[in-house]
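Being a predicted model, the structure only gives us computed values, none of them experimental. When a residue number appears, it is its place in the shown sequence, counting from 1. Any value given below was found using the heavy atoms of this structure, including those in side chains, with hydrogens, waters and symmetry copies removed.
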Amino acid sequence: EERFQREDGLIVCATVAFGMGIDKPDIRFVLHADLPKSVEGYYQEIGRAGRDGLPADTLTLWGLDDIRLRRSQIDESPAPPDRKAADHARLGALLALAEAPVCRRQTLLAYFGETAPPCGNCDLCRTPPRREDRTEAVRKALSAILRTESRFGAEHLIAILRGEVTDKVTQWNHDRLPTFGVGQDLSKPAWRAVFRQMAALDLVRPDPARMGALALTDAARPVLRGEAPVMLAAEALTRADAPEAPRAAALVAEGDEALFAALRAQRRAIADEQRVPAYVVFPDATLIEMARRRPRTLDEFARLPGVGAAKLDRYGRVFLSVLTGAPVSAAHPARVRAAARGSGSLLDALHDAQVRLARGEDGTGRYLVCTRTTLARIAETRPGTPDALSRVPGMGEQKTERFGATFLALIADAGAD
């Protein structure tokens, strides 16, 4: 029990260590510093206030970490599966009360099978919340969880969605994911509100086996497939185009504006043809970097954030044509994959060397060549010895004897670079 005597003589009760023995008629305020354990417990605890018939207030503070903690406590408990399922259901009812769209008293009493008119006193009655269809934002968040294999928490996922190039993002190559930068229209606080409400709706749950990383529930599958809408509280979603988060166009240098507009037009044309949102092709963050860096080759294009092997193969030539102002010839699939993996230059050097040595140093030997696939494999794996080189599929002893010394020298030079 913790009680605080105010100057006006009224007692404030904090439920951080709430006891069942409190029996004061004039408690005016009940504060929950985190989520209660259940609706039943919450109902009992707020019932300690206002027993003298005079007005009393309650305040509950909670966030995504509280949901994660409660879910983890349930999952890690030694209780049998049916008890855990019941505990998750009770927590779901409490979260429904916390994120209720209508009168809290109505929602609270409905849990116990009772009906009542709006109370007119709770925060939802005094300031009715405006709810918006935020299905698209939720689908982006769910997609980010799937593409990162449900291995990360909300803050890292928010960095991916907002296109932030953090150490962790680059370490995991998440700047090359299709979802990188697709959520720049929402601020960090807004995305936190989205994830919090997703957890309250039981669309995502922390995975205790992965240190609380977020994972999708069965309820999220229809949303991800576009079969179910998601309505969220609009007041919690601050737009990222407020002064603290400038829009994409404002991030482009004056000299790059015309190119950026041309890139966006090309993106729109592709998106319309494929009947997908524009961000699915490339997010604004990637287009901004295109306009800023102006890559001229597939290798340079592959180093842009948000560009992986699939998008490099699918869109690389088209956007390079816009960037260079000239048609770009089709590249061998192995060359495109090498560019995506950062080994394109080495592949080109290996190819030139094997053409030069096709008939040996003196030009009179037996004609030998390596396929693009073999060269791409060498460029990717970068063997360091003749024996390792000979074991690459398509090489063997004869080709290793002919090309080995030159190939290994090129690999060593590439490593030094």
Side-chain angles (χ1 to χ4, degrees), residues 15-16 18 20 30 32-48 58-116 119 122-124 129 131 134-135 138-139 141-142 145-146 150 153-154 192-225 227-233 236:
T15 64
V16 177
F18 211 106
M20 293 296 292
V30 175
H32 286 84
D34 54 14
L35 275 177
K37 293 187 180 299
S38 65
V39 175
E40 292 88 344
Y42 177 72
Y43 190 47
Q44 286 185 335
E45 290 159 6
I46 63 173
R48 300 294 188 273
T58 68
L59 174 65
T60 301
L61 306 176
W62 69 284
L64 184 59
D65 286 342
D66 295 298
I67 304 175
R68 183 184 297 113
L69 175 62
R70 288 283 187 265
R71 295 287 188 198
S72 298
Q73 287 174 336
I74 295 171
D75 288 328
E76 294 172 1
S77 73
D82 56 342
R83 173 64 184 275
K84 289 183 179 181
D87 289 341
H88 277 300
R90 278 191 285 272
L91 177 57
L94 180 64
L95 295 174
L97 175 61
E99 290 287 357
V102 296
C103 172
R104 296 196 189 279
R105 183 170 183 269
Q106 282 185 313
T107 304
L108 180 61
L109 293 179
Y111 177 80
F112 296 102
E114 301 179 27
T115 59
C119 68
C122 70
D123 58 323
L124 299 179
R131 304 185 78 79
R134 288 290 179 167
T135 308
V138 171
R139 290 181 67 191
L142 296 176
I145 294 173
L146 277 182
S150 303
R192 292 187 185 111
V194 169
F195 277 95
R196 188 192 74 239
Q197 294 183 71
M198 285 168 57
L201 294 171
D202 202 23
L203 298 177
V204 297
R205 284 188 184 181
D207 184 352
R210 290 186 167 180
M211 303 294 290
L214 294 179
L216 274 61
T217 66
D218 290 339
R221 306 294 174 178
V223 176
L224 195 59
R225 293 193 298 264
E227 298 172 358
V230 180
M231 306 296 292
L232 301 182

Counting distance only, does the side-chain N/O of [X] pair as donor-acceptor with the main-chain N or O of [Y] below 3.5 Å?
| X | Y | value |
| --- | --- | --- |
| Arg205 | Ala199 | no |
| Arg104 | Leu124 | no |
| Asp75 | Ser72 | no |
| Gln197 | Ala233 | yes |
| Arg139 | Leu224 | yes |

According to side-chain hydrogen bond (donor to acceptor under 3.5 Å, both in side chains), who are the partners of [X], at least two apart in sequence or on a separate chain?
| X | answer |
| --- | --- |
| Glu99 | Arg196 |
| Arg68 | Asp65 |
| Arg90 | Asp87 |

- Task: Report the C-alpha distance between Asp34 and Trp62 in whole Å, list the side-chain angles of each, state the deciding distance to 0.1 Å, and finish with yes or no for side chain to side chain contact (heavy atoms under 4.5 Å, CB included).
- Result: CA-CA 5 Å; Asp34 54 14; Trp62 69 284; 5.9 Å; no
Min side-chain heavy-atom separation [X]-[Y] under 4.5 Å:
| X | Y | result |
| --- | --- | --- |
| Val138 | Leu232 | yes |
| Ser38 | Leu94 | no |
| His88 | Arg71 | yes |

Could you list the donor-acceptor pairs under 3.5 angstrom formed between side-chain atoms of residues 214-222 and any protein atom two or more places apart in sequence or on another chain?
unit_1, atom_1, unit_2, atom_2, d
Thr217, OG1, Asp202, O, 2.6
Thr217, OG1, Leu203, O, 3.2
Thr217, OG1, Ala219, N, 3.3

- Item | Worked check of side chain to side chain contact (heavy atoms under 4.5 Å, CB included) between Val204 and Leu142 | CA-CA 8 Å; Val204 297; Leu142 296 176; 3.8 Å; yes
- Item | Ile145 vs Phe195, side chain to side chain contact (heavy atoms under 4.5 Å, CB included): CA-CA, chis, key distance, verdict | CA-CA 11 Å; Ile145 294 173; Phe195 277 95; 4.3 Å; yes
- Item | Approximate separation, where rounding is to 0.5 Å, of Gln73 CD and Glu76 CD | 8.5 Å
- Task: Apply salt bridge (charged side-chain N to carboxylate O under 4.0 Å, His left out) to Arg105 and list each qualifying residue two or more places apart in sequence or on a separate chain.
- Result: none
- Which atom names give the shortest non-hydrogen contact between Pro36 and Arg70, and what distance separates them? O-NE, 3.5 Å
Atom pairs and distances, donor-acceptor, side-chain atoms in residues 107-116, under 3.5 Å, two or more places apart:
unit_1, atom_1, unit_2, atom_2, d
Thr107, OG1, Cys103, O, 3.1
Tyr111, OH, Glu40, OE1, 3.4
Tyr111, OH, Glu40, OE2, 2.8

- Tyr42: what forms a ring-ring contact (aromatic ring centres under 6.0 Å, His included) with it, not counting sequence neighbours? His32
- Identify, with sequence neighbours excluded, every residue that meets side-chain contact (heavy atoms from CB on, under 4.5 Å) alongside Pro80. Asp82, Arg83
- Task: Please indicate whether Lys84 has more than 12 foreign heavy atoms, meaning atoms of other residues, nucleotides or ligands, lying under 6.0 Å from its NZ.
- Result: yes
- Message: Checking Leu91 against Ile74 for the side chain to side chain contact (heavy atoms under 4.5 Å, CB included) test, could you report, in this order, the C-alpha distance in whole Å, the side-chain angles of both residues, the deciding distance, and whether it holds?
- Response: CA-CA 10 Å; Leu91 177 57; Ile74 295 171; 4.2 Å; yes
